[in-house]
There are 2 protein chains.
Amino acid sequence: MADPASFTERELDIMSVLWEHGSGTVAEVRDALPMPLGYTSVLKMLQILAEKRLVRHEQEGRAYRYYPLVEQGAAGGHALGRIVDKIFQGSAELALARLVKERPLSTEEVGRLKTLLDRAAADADSDADSDTGGDA
Amino acid sequence: MADPASFTERELDIMSVLWEHGSGTVAEVRDALPMPLGYTSVLKMLQILAEKRLVRHEQEGRAYRYYPLVEQGAAGGHALGRIVDKIFQGSAELALARLVKERPLSTEEVGRLKTLLDRAAADADSDADSDTGGDA
DNA sequence: CGTTGATTACGAAGAACCTCGTACTCACTG
DNA sequence: CAGTGAGTACGAGGTTCTTCGTAATCAACG
């Protein structure tokens, strides 16, 4: 994918719906949006998004059904990277620390994250793994 | 603090410099910026930021020295929370996982993060209190 | 005093963003 | 065929963002 692209505020609102639902027609997206927006406004945003190749659409009956073309993981990674660079001076650790402080995690999530961290550490060393733990 | 505020693209570039250096005059900020920008453009952004109460300035010799008024931690938390909500559907875990995958961490960082995670897990069990103490 | 250089103040101008109104298309219905 | 309703296309218009040009200020110098 060429450019993960950074979304504008409203574009992100729309994409969010698409990611959550997988796809959507203008009406569906509009209904799912948390803020009141005119039908044509939503349509327009979707058209702009399509023009930027961030979504695609295919005919469905009389209407179009829109599908996201960028994965949320990629978009998220890009957005996260930006914040890490600009706000946390490139320190992923600081960002991670902040996020953990900001959003309470369940015990299970913490467990999974720790496993992930172990794997990341292993990758960093790229060798010398002798205490490979199990997995959930 | 009323509103952690979300910065525009350029505002973020400026704030980034201020956070990294602690403070800066127009010329200093301009020099530290990775992109070429006219002197008055930087000045203008700083004035806008000041107007929005995101930075303050005090006289220093002939010029003003600008200081950030919002902490990077707060700004980062806000920005991160936005991404988590809009892109990762509110799942901090997914965001964390992505960030870990995106940015390699040193073994030491992983160690510290795990400690942090343990503490987070403990908090989850008991109860939370508000964070972020006073700020400047 | 007049010039020079560094700095801030002001506001114009273009670009991007966002919201819609209005017109147009087309399948259905009676 | 005319009317209706669901949809899309187009483009105007307002707002915000961003970049600067130009003018004003003021200390220092000769």
Side-chain angles (χ1 to χ4, degrees), chain A residues 3-18 21 23-67 70 75 78-79 82-83 86-87, chain B residues 3-18 21 23-67 70 75 78-79 82-83 86-87:
Chain A
D3 190 8
S6 44
F7 303 96
T8 64
E9 199 56 33
R10 191 59 82 223
E11 284 174 351
L12 197 52
D13 291 329
I14 305 285
M15 291 304 291
S16 183
V17 171
L18 255 23
H21 294 66
S23 73
T25 59
V26 176
E28 287 170 2
V29 170
R30 183 176 183 234
D31 287 344
L33 246 17
M35 70 287 287
L37 254 194
Y39 186 99
T40 53
S41 300
V42 176
L43 168 64
K44 183 59 157 184
M45 290 311 297
L46 250 4
Q47 291 175 329
I48 289 173
L49 251 4
E51 195 176 297
K52 292 186 183 175
R53 308 286 169 165
L54 299 174
V55 305
R56 70 186 169 79
H57 60 286
E58 49 185 53
Q59 198 92 38
E60 181 184 80
R62 205 97 76 75
Y64 287 145
R65 174 161 293 278
Y66 292 83
Y67 297 86
V70 287
H78 188 246
R82 213 130 107 150
I83 291 180
K86 296 264 182 77
I87 303 187
Chain B
D3 190 9
S6 43
F7 302 97
T8 65
E9 200 55 34
R10 191 57 82 224
E11 284 174 352
L12 197 52
D13 291 329
I14 306 284
M15 291 304 291
S16 183
V17 171
L18 257 23
H21 294 67
S23 71
T25 59
V26 175
E28 287 171 1
V29 170
R30 183 176 182 233
D31 288 343
L33 245 18
M35 69 288 286
L37 255 193
Y39 186 99
T40 54
S41 300
V42 177
L43 167 63
K44 184 60 157 185
M45 289 311 297
L46 250 3
Q47 290 175 330
I48 289 173
L49 250 6
E51 195 175 294
K52 292 184 182 176
R53 306 289 169 162
L54 300 174
V55 306
R56 71 186 168 79
H57 61 285
E58 49 186 51
Q59 198 92 39
E60 182 184 79
R62 204 98 73 76
Y64 286 144
R65 173 162 293 277
Y66 292 84
Y67 298 87
V70 287
H78 188 246
R82 254 246 279 256
I83 291 180
K86 297 263 182 76
I87 303 187

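Being a predicted model, the structure only gives us computed values, none of them experimental. No hydrogens, no waters, no symmetry mates; every other heavy atom, side chains included, goes into these values.
- Looking at B:K44, its side chain comes within 3.5 Å of the base of C:dG11 through a donor and an acceptor atom.
- Between A:Y64 and D:dA9, a side-chain N or O to OP1/OP2 separation shorter than 4.0 Å is present.
- A close approach under 4.0 Å does not occur between any side-chain nitrogen or oxygen of A:Y39 and OP1 or OP2 of C:dT19.
- A:T8 comes within contact range of the sugar-phosphate backbone alone, with a heavy-atom separation under 4.0 Å but no base atom that close.
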Please list, pair by pair, any protein nitrogen or oxygen found under 3.5 Å from a nitrogen or oxygen in nucleotides 23-30 of chain D.
unit_1 : atom_1 : unit_2 : atom_2 : d
D:dC26 : O2     : B:R62  : NH1    : 3.4

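- Atom CG of B:L54 is separated from atom OH of B:Y66 by 13.5 Å, given to the nearest 0.5 angstrom.
- The stretch residues 24-38 of chain A touches DNA chain D through A:V26, each having a heavy atom under 4.0 angstrom from the strand.
- Legend: side chain to side chain donor-acceptor pair (under 3.5 Å) pairs involving residues 44-54 of chain B, not counting sequence neighbours, sorted by first then second residue: B:E11-B:K52.
- Phosphate contact (OP1/OP2 of D:dA9, side-chain N/O of A:Q47, threshold under 4.0 Å): present.
- For the salt bridge (Lys or Arg N to Asp or Glu O under 4.0 Å) test, residues two or more places apart in sequence or in another chain that qualify with A:R65 are A:E28, A:E60.
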Would you be so kind as to tabulate the donor-acceptor pairs closer than 3.5 Å made by side chains of residues 30-39 of chain A, with sequence neighbours excluded?
unit_1 : atom_1 : unit_2 : atom_2 : d
A:R30  : NE     : A:L37  : O      : 2.6
A:R30  : NH2    : A:L37  : O      : 3.4

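- Recorded end-axis angle for the helix from C:dC1-D:dG30 to C:dG30-D:dC1 stands at 20°, based on five pairs per end and rounded to 10 degrees.
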